[in-house]
There are 2 protein chains.
Amino acid sequence: MGREGVGVNLETSLGYLLKEASSVLRSAMEEVLRPLGMSVTHYSCLELLAQRPGLSNSELARGAFVTRQSMNVLLQALERDGYVTRPAEAPVGKVLPTRLTPRGRRSLEKATVAVRSVELRMLAGMTGTEQSEAFRILRRMIHSLRDGNAETTRS
Amino acid sequence: MGREGVGVNLETSLGYLLKEASSVLRSAMEEVLRPLGMSVTHYSCLELLAQRPGLSNSELARGAFVTRQSMNVLLQALERDGYVTRPAEAPVGKVLPTRLTPRGRRSLEKATVAVRSVELRMLAGMTGTEQSEAFRILRRMIHSLRDGNAETTRS
DNA sequence: CAACCTGTGTCAGAATGCTGACATGGGTCG
DNA sequence: CGACCCATGTCAGCATTCTGACACAGGTTG
C-alpha cells in the first residue's frame, strides 16, 4: 500500500528477496562452519582449490567474490597454518599457483559435509524441476546484470 | 569432472549461484548509488523508512540484514546529516521510532530511480511467469533454511 | 626494440560490519 | 508485588573487507 509502481516496493522486489535469501544462506553456513573454526570465505577458497588445483590468488578472489587483496590475506594465513602451499618463486610471470596440502584436504572434507547439509536443507521441498528452474533463472539474472554493466562502458 | 556426488560441486551448486547473483546485484547497486554518495545499507534504511515510517533501530537492522549496532551507527550519521529524525525520549519503552525528513525523502527519490534501473535490468528478459516463479522459489529457499535453523534440524 | 596496456602480487590505511557487554523497559508468571 | 526473561539502545574493541598505490611480468602494436 502506498508507493505502488513508484520505485521499488520491498514486499515485491526480487532484488530484496535475493538479498534476504543470500543473507539467510550465509548465516546458515556460518553457523555450521563456526564449530570447525572456518569462515565462509575460508571454506570457499578450499573448495575452489579442491575442484581446480593450481588457481592463483586473483582467480581465487574472483571465485569467492572478494578482492584479491582480501584473498591474499586469507591465503597467507592458510599457508602459515599449513592448509595450502604456494611456490616461493613464480614458475611463469607473477602468478603463484596454489595447492591444497593433505591437511587442507582433510579440513575441507569435514567442512564439505557441513555445507552440504545446509545446501540440502535449502533444497528441501523443491522438486528437481524447480531446482533446475531456479538454476536457470539465477543464471539469467546474473547475465542480465553483468552485460549491461556500466552504461558508458564499451560501446 | 572429479568429485561428482562427493560434496558440493560449485558448478552445479544453487548456493554458489545464489551467492554469485547476490554479489553481482550488490555491485550493480553500489555502482549506481556511489554517484549519489550512498551505500546499499544507507539506501535500504531510507527505503524501509519510506514504506514503513516509524520503524525502530532494531527493526531497521533486521530489514537491512545487518546488526542493530551497525544500523545504529548509520542512523546516528543520518540523523546528524538531517535525513531522519528520532525523538530524544522514547514515547514508550526504549524504542525510538525513526522518520524521514523532507530532505531524506528527496534524497531517497533520486536513489530509488537509480536502484529501480538496476532492478529492471536484472529482470530484463524474464517473463512475468518467470518472475513470479523466481519469487516463489526464493521464498521457499528462505523458509527451508530458516525453519530448520537449530543445529539438530528437527530429527 | 620501445611504448603501451592489462593482469598480477603485495603493502598500507580506511571503512564497514560484527561480537561482547551493559543498563534499562516491558511483559509474564509465581 | 518480585523474579524472571526477552528485546532494545548504546558503548567499546575487534575482525574482515575494501580502496588506493606501487612494482613488475607478459602480450600487443607501432
Side-chain angles (χ1 to χ4, degrees), chain A residues 19 22-24 26-31 33-35 37-45 48-49 54-81 84-99 149 153-154, chain B residues 19 22-24 26-31 33-35 37-45 48-49 52 54-81 84-99:
Chain A
K19 187 176 176 182
S22 168
S23 168
V24 175
R26 167 166 280 263
S27 295
M29 287 185 65
E30 281 171 349
E31 187 178 343
L33 287 175
R34 190 173 310 125
M38 207 179 286
S39 73
V40 175
T41 310
H42 185 138
Y43 159 75
S44 300
C45 177
L48 282 163
L49 283 174
L55 249 45
S56 72
N57 175 34
S58 289
E59 292 167 325
L60 285 168
R62 281 191 290 269
F65 311 111
V66 296
T67 61
R68 62 210 157 125
Q69 291 92 328
S70 297
M71 182 54 72
N72 198 28
V73 176
L74 175 59
L75 274 186
Q76 284 174 357
L78 290 178
E79 191 173 17
R80 169 174 51 77
D81 297 343
V84 305
T85 36
R86 283 193 291 180
E89 294 287 316
V92 53
K94 300 186 68 176
V95 179
L96 296 175
T98 313
R99 294 187 174 276
N149 210 342
T153 312
R154 4 180 312 112
Chain B
K19 187 176 176 183
S22 168
S23 168
V24 175
R26 167 166 280 262
S27 295
M29 287 184 64
E30 280 171 350
E31 188 177 344
L33 287 175
R34 190 172 311 125
M38 207 178 286
S39 73
V40 175
T41 309
H42 186 136
Y43 159 75
S44 300
C45 178
L48 281 163
L49 283 174
R52 303 206 273 277
L55 281 183
S56 72
N57 175 35
S58 290
E59 291 168 325
L60 286 168
R62 280 191 291 270
F65 310 110
V66 296
T67 62
R68 59 201 169 160
Q69 291 91 330
S70 297
M71 182 55 73
N72 197 27
V73 175
L74 175 60
L75 274 186
Q76 285 173 357
L78 290 178
E79 191 172 18
R80 170 174 50 79
D81 297 343
V84 305
T85 36
R86 283 193 291 182
E89 295 287 316
V92 53
K94 300 186 66 176
V95 178
L96 297 174
T98 313
R99 296 188 173 277

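None of these values were measured; they are calculated from a predicted model. Proteins come first, then strands; the chains are lettered A, B, ... in the order of their sequence lines, and each starts at number 1.
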Can you list everything that forms a side-chain hydrogen bond (donor to acceptor under 3.5 Å, both in side chains) with B:Thr98? Sequence neighbours excluded, please.
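Residues passing side-chain hydrogen bond (donor to acceptor under 3.5 Å, both in side chains) with B:Thr98: none at all.
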Atom pair [atom1] ([X]) and [atom2] ([Y]), whose distance is rounded to the nearest 0.5 Å:
{"X": "B:Leu33", "Y": "B:Met38", "atom1": "CG", "atom2": "CE", "answer": "6.5 Å"}
{"X": "A:Leu60", "Y": "A:Leu48", "atom1": "CG", "atom2": "CG", "answer": "6.0 Å"}
{"X": "A:Asn57", "Y": "A:Lys94", "atom1": "CG", "atom2": "NZ", "answer": "11.5 Å"}
{"X": "B:Met71", "Y": "B:Ser44", "atom1": "CE", "atom2": "OG", "answer": "7.5 Å"}
{"X": "A:Leu55", "Y": "A:Glu59", "atom1": "CG", "atom2": "CD", "answer": "4.5 Å"}
{"X": "B:Met29", "Y": "B:Ser39", "atom1": "CE", "atom2": "OG", "answer": "9.5 Å"}

Near DNA chain C, counting only heavy atoms under 4.0 Å, which residues of residues 72-80 of chain A show up?
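A:Asn72, A:Gln76 - these, ordered by number, are the residues of the stretch whose heavy atoms sit under 4.0 Å from the strand.
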So, using side-chain contact (heavy atoms from CB on, under 4.5 Å) as the criterion, who are the partners of [X] when residues are at least two apart?
{"X": "A:Ser22", "value": "B:Ser22"}
{"X": "B:Arg34", "value": "B:Glu30"}
{"X": "A:Val95", "value": "A:Ser56"}
{"X": "B:Leu96", "value": "B:Arg86, B:Pro87, B:Ala90"}

Tell me the closest heavy-atom pair linking B:Leu49 and B:Gly54, and the distance in Å.
CD2-N, 4.5 Å
Inter-end axis angle, the helix from C:dC1-D:dG30 to C:dG30-D:dC1, with every axis fitted to five base pairs (rounded, 10 degrees):
30°
Quick one: label B:Arg86 by what it contacts on the DNA or RNA (base, sugar-phosphate, nothing), any heavy atom closer than 4.0 Å.
sugar-phosphate
Classify the nucleic acid contact of A:Ser39 as base, sugar-phosphate or nothing, counting any heavy atom under 4.0 Å across all strands shown.
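Touches nothing.
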All pairs passing side chain to side chain donor-acceptor pair (under 3.5 Å) where residues 68-81 of chain A contributes a residue, at least two apart:
A:Thr67-A:Ser70
Identified side-chain contact (heavy atoms from CB on, under 4.5 Å) partner of A:Leu74 from the options A:Val66, A:Thr41, A:Val84
A:Thr41
On DNA chain C, reading 5' to 3', which nucleotide is the first and which the last to sit with an atom under 4.0 Å from a heavy atom of chain B, could you check?
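Here the contact window of chain B covers C:dG17 to C:dG26.
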Nearest-nucleotide wise, let me know which of A:Glu30 and A:Leu96 is further upstream toward the 5' end of DNA chain C.
A:Leu96
Nearest-nucleotide 5' precedence on DNA chain C, A:Gln69 against B:Met71
A:Gln69
If we only count heavy atoms from C-beta on, is the B:Lys19 to A:Val40 side-chain gap below 4.5 Å?
yes
Here the residues of residues 55-63 of chain B within 4.0 Å heavy-atom distance, strictly under, of DNA chain D are B:Ser56, B:Asn57, B:Ser58, B:Arg62
Go nucleotide by nucleotide along DNA chain D from the 5' end; which of B:Arg34 and B:Arg68 gets its closest nucleotide reached first?
B:Arg68
Nucleotide range of DNA chain D lying under 4.0 Å from chain A heavy atoms:
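Using the under 4.0 Å cut-off, the span is D:dT17 to D:dG26.
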